[in-house]
Amino acid sequence: MSPENNHIPPKDEPPVFFDADHATRLQDLAFAVSERIPEISDRILREIERATVVPAGSLPAHVVNIGSLVTYRDNALDRVQSVTLVMPADADIGAKRVSVLTPIGAALIGLTKDAEISWATRGGEVRWLTVLEVTPPA
């Protein structure tokens with residue numbers, strides 16, 4: 001087992017950052033799905049509430065945003081994956097385009113490179129991940 005599997009998940013949530021335009025879109029989306037997927041809606045609204053919101057177009061390149069290519073490690077499984085974070089209409093798991101309305105998508109949005117955060121799978125298992133690399137949207 002690698003050392004990463006043995007470390008304790010962070011107790012504090014890492015800082016998150018949102019582009020003002022995306023914060024508004026995500027808030028509207030979270031309200032729209034609150035009845036259907038309340039756990040994701042709650043997570044997104046909680047992240048927006050605690051986020052530092054920056055003017056549209058001025059989000060640093062190392063912050064996960066809609067359209068970012070993100071490489072992360074699932075620390076529980078010691079598995080590295082790369083996905084592009086997208087809005088629900090653009091999701092395609094076969095193409096590794098993950099919706100912000102999935103548990104992993106809601107966990108990744110707004111994080112910075114090297115951030116660690118816990119997230120719950122659809123089955124309710126709590127895991128934590130580390131953001132290894134962020135490539136900004138094209």
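Position 1 is the first residue of the sequence, and the numbers go up from there.
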Practice task
Report the C-alpha separation of V100 and L26 in whole Å, then their side-chain angles, then the decisive distance to 0.1 Å, and conclude whether the side-chain contact (heavy atoms from CB on, under 4.5 Å) test is met.
Solution key: CA-CA 9 Å; V100 70; L26 289 169; 3.7 Å; yes
Practice task
Assess whether side-chain contact (heavy atoms from CB on, under 4.5 Å) is satisfied between H22 and N65, documenting all intermediate values.
Solution key: CA-CA 8 Å; H22 283 116; N65 197 8; 3.1 Å; yes
Problem - Evaluation steps, side chain to side chain donor-acceptor pair (under 3.5 Å), between N75 and T130 - result: CA-CA 7 Å; N75 294 315; T130 303; 2.8 Å; yes
Problem - From CA spacing to verdict: side chain to side chain donor-acceptor pair (under 3.5 Å), T71, S82 - result: CA-CA 4 Å; T71 301; S82 293; 2.7 Å; yes
Practice task
Tell me, with the steps shown, if T84 and K96 meet side-chain contact (heavy atoms from CB on, under 4.5 Å).
Solution key: CA-CA 6 Å; T84 300; K96 297 188 177 188; over 6 Å; no
Problem - R122 vs E39, side-chain contact (heavy atoms from CB on, under 4.5 Å): CA-CA, chis, key distance, verdict - result: CA-CA 10 Å; R122 291 183 197 261; E39 64 283 351; over 6 Å; no
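With rounding to the nearest 0.5 Å, the separation of CG in L101 from CE in M87 is 7.5 Å. If you take OG on S41 and CD on Q27, they are separated by 10.0 Å, rounding to the nearest 0.5 Å. Put simply, CD1 on I109 and CD on E47 are 9.5 Å apart, with the number rounded to the nearest 0.5 Å. We find the CG-CD distance between D42 and E49 to be 11.0 Å, quoted to the nearest 0.5 Å. The CG atom of L29 sits 12.5 Å away from the OG1 atom of T24 when rounded to the nearest 0.5 Å.
Under a hydrophobic-cluster definition in which Ile, Leu, Val, Met, Phe, Trp and Tyr are linked whenever side-chain heavy atoms come within less than 4.5 Å, directly or via other members, L85 and I37 are assigned to the same cluster. F17 is not connected to L45 by any chain of hydrophobic side-chain contacts under 4.5 Å among Ile, Leu, Val, Met, Phe, Trp and Tyr, and they are in different clusters. The hydrophobic cluster containing V126 does not contain V131, counting ILVMFWY residues as joined when their side-chain heavy atoms lie under 4.5 angstrom apart, directly or transitively. Both I44 and V16 belong to a single network of hydrophobic side chains, linked directly or stepwise wherever heavy atoms of I, L, V, M, F, W or Y lie under 4.5 Å apart. Under the 4.5 Å side-chain heavy-atom criterion for ILVMFWY residues, no single connected hydrophobic cluster contains both V64 and V54.
When atom types are taken as modelled, the side chain of S34 and the backbone of P38 share no donor-acceptor pair closer than 3.5 angstrom. Side-chain atoms of D19 come within 3.5 Å of backbone atoms of G57 as a donor-acceptor pair (strictly under, hydrogens ignored). The backbone N or O of A115 sits nowhere less than 3.5 Å from a side-chain atom of T112 that would complete a donor-acceptor pair.
Smallest separation of non-hydrogen atoms from A20 and V53: CA-CG1, 3.6 Å. Across all their heavy atoms, A107 and I117 have their closest contact at O-CG2, 3.9 Å. Nearest approach of S99 to A91, heavy atoms of both residues: CB-CB, 3.8 Å. Nearest heavy-atom pair across I66 and P137 is O-CG, 3.2 Å. Here the closest non-hydrogen pair linking P15 and L111 is O-CD2, 4.4 Å. Heavy-atom minimum distance, F18 versus A23: CB-CB, 4.0 Å.
The side-chain contact (heavy atoms from CB on, under 4.5 Å) test with V98 is passed by exactly one of L108, V70, I104: I104. Results of the side chain to side chain donor-acceptor pair (under 3.5 Å) test with Y72 over E133, Q81, K113, R79 single out Q81 as the only residue that passes.
The shortest side-chain heavy-atom distance between L132 and V80 falls under the 4.5 Å cut-off. The closest side-chain heavy-atom distance from E13 to E116 is not below 4.5 Å.
Ion pairing of D90 with R97 is absent here, as no side-chain N (NZ or NE/NH1/NH2) approaches a carboxylate O to less than 4.0 Å.
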